[in-house]
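Working notes, beginning with the structure itself.
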Amino acid sequence: MATDQYQPLQGMSDLIAPEIDLWQALEARSRELLDRYAFTEIRTPVLERTSVFARSIGDTTDIVQKEMYTFEDRGGRSVTLRPEATAGVMRHVAGQGPEALESRLYYLGPMFRAERPQAGRKRQFHQLGAEILGPPNAAADAECIVLQKHLLDEWGLKDYRIRINTRGLPEDRRSVGAALRDALSPSVSALCEDCRRRYETNPLRILDCKNESCGREVDRLPPITHFMSSEARDYFQEVLRLLKRLDIPVEEQPRLVRGLDYYVHTVWEITGTALGAQDAISGGGRYVIPIGEKEVEGVGFAMGLERVMVALREQKADRKLISKRPKIWLISAGTAAFEENLVLMQSLRMRGLCCGMDLQGRSLKAQMRTANRQSAAHVIIRGEQEMERGTFVLKDMATGEQEELDMPGLMERVQALTPF
RNA sequence: GUGGGUGUAGCUCAGCUGGUUAGAGCGCCAGGUUGUGGCCCUGGAGGCCGCGGGUUCAAGUCCCGUCACUCACCCCA
């Protein structure tokens with residue numbers, strides 16, 4: 001029944017079995033790896049004051065202008081569902097003492113953008129991200145990229161590309177913008193409508209316009225590093241050198257600038273193949289974010305987990321990530337056996353085993369069907385005969401072999417089935 | 001926000017130019033085996049044909065609106 005009242009809001013979905021297995025596997029592997037990289041988790045609220053996002057992401061960006069879920073709370077304050085997590089994390093860090101400015105934090109959770117849904121784009125989606133706080137440091141930038149690659153490899157994702165560029169020092173922004181404007185001034189008329197607007201508001205964004213004629217004009221320009229200070233160029237070269245040293249293949253992409261205002265210095269993007277139009281699975285960069293009177297500096301990235309999962313499914317790598325514990329299904333014939341099985345099931349669970357049984361007292365055949373559907377590795381069958389003899393039938397569902405055991409024998413066999 | 005495609009059983013879909021009781025496969029339940037799953041056979045349950053309006057003697061089918069899904073643009077993860 002596809003009736004509206006049973007559906008979640010547009011672009012949002014209920015995550016449930018069997019897909020949830022992939023979510024849990026991805027999350028578990030990620031947390032383990034982030035821990036190995038000495039990051040700790042932070043969970044910030046999903047709802048923040050609107051200014052937290054508007055100031056840091058940038059008033060002219062599409063995210064702030066048309067993609068945020070913004071509304072007034074009961075006290076008349078403007079609040080917003082987070083469209084990304086970096087701003088909230090920085091809000092937290094800015095409120096802490098100076099030692100927090102050296103933190104290594106990661107987050108994993110839902111983000112909200114009121115866009116039109118399409119392949120690889122939901123209104124509620126999930127990001128995994130990490131931040132290394134602190135002033136510009138090429139090693140930190142490089143480590144972020146290393147970590148992302150490691151995550152993708154850990155998940156078993158193949159065929160992705162890492163593209164990288166620099167936006168220069170914060171102080172360079174004004175001069176780079178001005179230089180770009182000068183360089184483009186003869187060809188403004190050749191630019192698309194959006195870019196003519198960007199020419200005034202944010203000339204850097206013209207660089208990654210997908211429009212062909214804009215691309216032709218941009219290709220005539222020297223790379224933007226040309227307009228930057230030598231300090232910015234040296235910093236970027238150092239990042240590239242370290243990445244090479246760490247054996248991370250990246251492609252320089254002089255037109256990559258990314259869409260959020262807070263980025264400075266190194267920016268990068270990871271794209272996957274076979275993802276449709278929305279092929280960016282991860283993006284990141286160094287940033288300077290104003291919060292209240294302070295500015296917080298750091299470097300970080302965010303990965304779109306829905307897109308990662310689409311890519312994993314496409315490459316048939318999703319099933320390899322999921323490991324389910326073997327399950328035992330208890331089968332009873334007769335009410336006496338049923339009740340004894342309830343007791344047995346509980347004691348097996350206390351011993352760390354994963355098990356279940358039909359609670360409705362259906363036919364043995366129906367119980368077996370359920371066991372099969374539950375993909376139980378083994379079943380324990382108990383009926384009148386076994387009750388009389390004080391035994392249990394243990395059946396291996398894969399081979400179909402079964403044996404009759406007494407209690408000590410059953411416990412011994414069953415204990416051997418636990419992974420621990 | 002703009003444009004294209006699609007809404008029929010739990011799922012995937014068929015339903016020719018409008019015509020009587022709306023179908024298939026899978027899944028589910030039961031039986032074939034009153035103590036054994038998967039494979040096979042038989043039967044059964046399950047449909048406001050997304051929703052609202054209109055045209056017509058008659059609408060799942062045509063028209064309008066609306067909602068949702070989906071793909072793309074814009075942009076982003």
Side-chain angles (χ1 to χ4, degrees), chain A residues 1-13 57 60-68 82-86 108-129 148 160 192-195 197-198 205 208-211 257-260 268-272 275-285 300-311 329 331-334 337 358 360 362-387 393-402 404:
Chain A
M1 245 308 144
T3 308
D4 303 348
Q5 38 192 327
Y6 303 128
Q7 287 187 346
L9 291 173
Q10 185 176 42
M12 310 203 173
S13 43
I57 297 170
T60 64
T61 60
D62 285 331
I63 291 182
V64 171
Q65 282 193 336
K66 54 183 199 189
E67 296 172 3
M68 296 204 306
R82 61 181 186 193
E84 55 101 62
T86 301
L108 194 167
M111 309 294 158
F112 303 84
R113 291 184 199 174
E115 304 172 271
R116 197 71 170 262
Q118 74 186 75
R121 197 170 72 186
K122 307 285 282 183
R123 288 184 167 183
Q124 175 174 340
F125 60 104
H126 297 76
Q127 285 187 337
L128 164 65
Q148 280 169 100
Y160 55 84
C192 71
E193 199 184 322
D194 286 331
C195 284
R197 199 190 64 240
R198 290 176 185 133
R205 297 287 287 142
D208 65 358
C209 180
K210 286 174 199 142
N211 186 296
V257 297
R258 302 194 45 76
L260 280 56
W268 64 87
E269 198 166 272
I270 302 179
T271 53
L275 268 175
Q278 308 303 323
D279 64 350
I281 57 180
S282 184
F301 64 86
M303 308 179 100
L305 295 183
E306 278 82 357
R307 291 183 188 174
V308 167
M309 298 199 332
V310 167
W329 207 250
I331 309 245
S332 354
D358 187 308
Q360 297 163 77
R362 298 191 304 162
S363 73
L364 193 133
K365 187 175 180 159
Q367 294 178 58
M368 285 298 291
R369 241 201 321 272
T370 306
N372 194 58
R373 210 178 311 122
Q374 288 277 335
S375 55
H378 296 268
V379 296
I380 295 172
I381 304 168
R382 265 214 283 191
E384 282 172 36
Q385 286 174 34
E386 289 79 15
M387 292 299 287
V393 171
L394 180 67
K395 176 169 183 169
D396 184 318
M397 292 296 274
T399 63
E401 287 166 19
Q402 56 185 60
E404 193 169 350

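Below, read A as the first sequence line, B as the second, and so on, with proteins coming before strands; counting in each chain starts at 1.
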* To do: Scan A/Ala371 against the nucleic acid and name what it touches under 4.0 Å (heavy atoms): base, sugar-phosphate only, or nothing.
  => nothing
* Asked: Looking for any heavy atom pair under 4.0 Å, which part of the strands does A/Ala333 touch: base, sugar-phosphate only, or nothing?
  -> nothing
* With a 4.0 Å cut-off on heavy atoms, is A/Ile381 in touch with a base, just the backbone sugar-phosphate, or nothing at all? -> base
* Asked: Among B/A77, B/C71, B/G35, which is the nearest nucleotide to the side chain of A/Ala119?
  -> B/C71
* Out of B/C71, B/G35, B/G1, which nucleotide sits closest to the side chain of A/Arg116? -> B/G1
* Asked: Which value, in whole Å, describes the distance between the C1' atoms of nucleotides B/U17 and B/U61?
  -> 10 Å
* RNA chain B base-pair string [pairs: Watson-Crick or G-U under 3.5 Å; |: paired with another strand] -> (((((((..((((.....[...)))).(((((.......))))).....(((((..]....))))))))))))....
* Structure fact -> By nearest-heavy-atom nucleotide on RNA chain B, the more 5' of A/Gly259 and A/Val393 is A/Val393
* Asked: Quick one: are A/Trp268 and A/Gln148 in side-chain contact, heavy atoms under 4.5 Å?
  -> yes
Heteroatom pairs (N/O) under 3.5 angstrom, protein to nucleotides 38-43 of chain B:
residue, atom, partner, partner atom, Å
B/G38, O4', A/Asn372, ND2, 3.1

* To do: Report which part of the nucleic acid A/Arg362 touches: base, sugar-phosphate, or nothing (heavy-atom distance under 4.0 Å, all strands).
  => sugar-phosphate
* Assign A/Arg373 to base, sugar-phosphate, or nothing according to its heavy-atom contacts below 4.0 angstrom with the strands shown. => sugar-phosphate
* Structure fact -> Between CD of A/Gln360 and C1' of B/A30 the distance, given in whole Å, is 14 Å
* **Distance in Å, A/Asp62 CG paired with A/Leu260 CG, rounded so as to fall on 0.5 Å steps** => 10.0 Å
* Do any N or O atoms from the side chain of A/Thr271 and from the backbone of A/Ala280 form a donor-acceptor pair under 3.5 angstrom? -> no
* Structure fact -> From the candidates B/A77, B/A30, B/C71, the one with an atom nearest any side-chain atom of A/Arg121 is B/A77
* **A/Glu404, CD atom: more than 12 neighbouring heavy atoms under 6.0 Å** => yes
* **Whole-angstrom distance between B/C49 and B/G44, as gauged at atom P** => 23 Å
* **Gap in Å between the two C1' atoms, one belonging to B/U56 and one to B/U66, rounded** => 23 Å
* To do: With C1' as the reference atom in both, quote the distance from B/C63 to B/C71 in angstrom, rounded to an integer.
  => 26 Å
* Taking the C1' atom of each, how far is B/G47 from B/A24, in whole Å? -> 14 Å
* Answer with base, sugar-phosphate or nothing: what part of the nucleic acid does A/Gln385 contact at a heavy-atom distance below 4.0 Å? => base
* Looking across every strand, which nucleic acid part, if any, lies under 4.0 Å from A/Glu84 by heavy atom: base, sugar-phosphate, or nothing? -> nothing
* Would you indicate what A/Gly11 reaches in the nucleic acid, counting non-hydrogen atoms under 4.0 angstrom: base, sugar-phosphate, or nothing? => sugar-phosphate
* For A/Arg205 and for A/Glu386, find the nucleotide of RNA chain B with the closest heavy atom, then tell me which residue's nucleotide is more 5'. => A/Glu386
* At under 4.0 Å between heavy atoms, what does A/Gln367 touch on the DNA or RNA strands: base, sugar-phosphate, or nothing? -> nothing
* When you check the phosphate oxygens OP1 and OP2 of B/A77, does a side-chain N or O of A/Gln127 lie under 4.0 Å from one of them? -> no
* To do: Calculate the interatomic distance between A/Lys66 atom NZ and B/G1 atom C1'; express it in whole Å.
  => 7 Å
* **Rounded distance (nearest 0.5 Å) linking atom CZ of A/Phe301 with atom CD of A/Gln127** => 10.5 Å
* Answer with yes or no whether the side chains of A/Arg362 and A/Thr370 bring together a donor and an acceptor at under 3.5 Å. => yes
* OP1 or OP2 of B/U36 under 4.0 Å from side-chain N/O of A/Gln402 -> no
* **Distance below 4.0 Å between A/Gln10 side-chain N/O and B/C67 OP1 or OP2** => no
* Would you indicate whether the side-chain heavy atoms of A/His126 and A/Met309 approach each other to under 4.5 Å? => no
* **4.5 Å side-chain heavy-atom contact, A/Arg121 and A/Arg307** => yes
